[in-house]
Amino acid sequence: MTTPQPTPRTVAHSWLSVGVRALDGHTGRTGVVQLLQDDLGAVRTEVIDHPTRVLLRPVGGGEPAWWAAVADLRQADPR
């Protein structure tokens with residue numbers, strides 16, 4: 001019998017907040033953070049302790065927004 005393991009928590013990046021530019025390493029796209037989602041599914045615009053996903057608006061527009069895993073993000077050049 002196996003014991004259920006807790007969901008791994010992502011360490012929140014100190015720079016991660018609504019309005020910053022982030023590079024999604026999974027897709028190679030850069031976007032502006034619009035929403036943060038925690039591991040319980042709560043979606044917020046303010047800082048949360050353990051965000052697991054963020055909604056990114058593409059820089060330059062023309063494409064739809066997308067959800068990205070926090071683990072795949074790096075801070076993008078703030079141009």
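Nothing fancy with the numbering, it's 1 onward along the sequence.
Across all their heavy atoms, P51 and V70 have their closest contact at O-CG2, 3.5 Å. The minimum heavy-atom distance between L73 and A68, with the atom names listed, is CD2-CB, 4.0 Å. Here the closest non-hydrogen pair linking V18 and Q34 is CG2-O, 3.6 Å. Across Q37 and I48, no two heavy atoms sit closer than the pair C-CD1, 3.6 Å. Here the closest non-hydrogen pair linking A76 and T30 is CB-CG2, 3.8 Å.
The CZ atom of R21 sits 13.0 Å away from the CZ atom of R74 when rounded to the nearest 0.5 Å.
Residue pairs that meet the ring-ring contact (aromatic ring centres under 6.0 Å, His included) test with at least one member in residues 15-47, sequence neighbours left out, are H13-W15. For the salt bridge (charged side-chain N to carboxylate O under 4.0 Å, His left out) condition, the pairs that include at least one residue of residues 58-72, sequence neighbours left out, are R29-E63.
Residues forming a ring pair (Phe, Tyr, Trp, His ring centres under 6.0 Å) with W67 (at least two apart in sequence, or on another chain): none. Residues that satisfy the side chain to side chain contact (heavy atoms under 4.5 Å, CB included) test with S17, not counting sequence neighbours, are V20. Taking the side chain to side chain donor-acceptor pair (under 3.5 Å) definition, one finds that D24 meets it with T27, W66, sequence neighbours left out.
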Inset, instruction - List the steps and the verdict of side-chain contact (heavy atoms from CB on, under 4.5 Å) for D38 and H50. - result: CA-CA 6 Å; D38 67 16; H50 299 284; 5.5 Å; no
Inset, instruction - Starting from the C-alpha separation in whole Å, work towards a yes-or-no answer on side-chain contact (heavy atoms from CB on, under 4.5 Å) for V54 and L16. - result: CA-CA 9 Å; V54 298; L16 189 58; 4.2 Å; yes
Inset, instruction - Output, in order, the C-alpha distance, side-chain angles, deciding distance and verdict of side-chain contact (heavy atoms from CB on, under 4.5 Å) for L55 and V33. - result: CA-CA 6 Å; L55 182 67; V33 176; over 6 Å; no
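In this structure, the side chain of R44 does not engage the main chain of L36 through any donor-acceptor pair within 3.5 Å.
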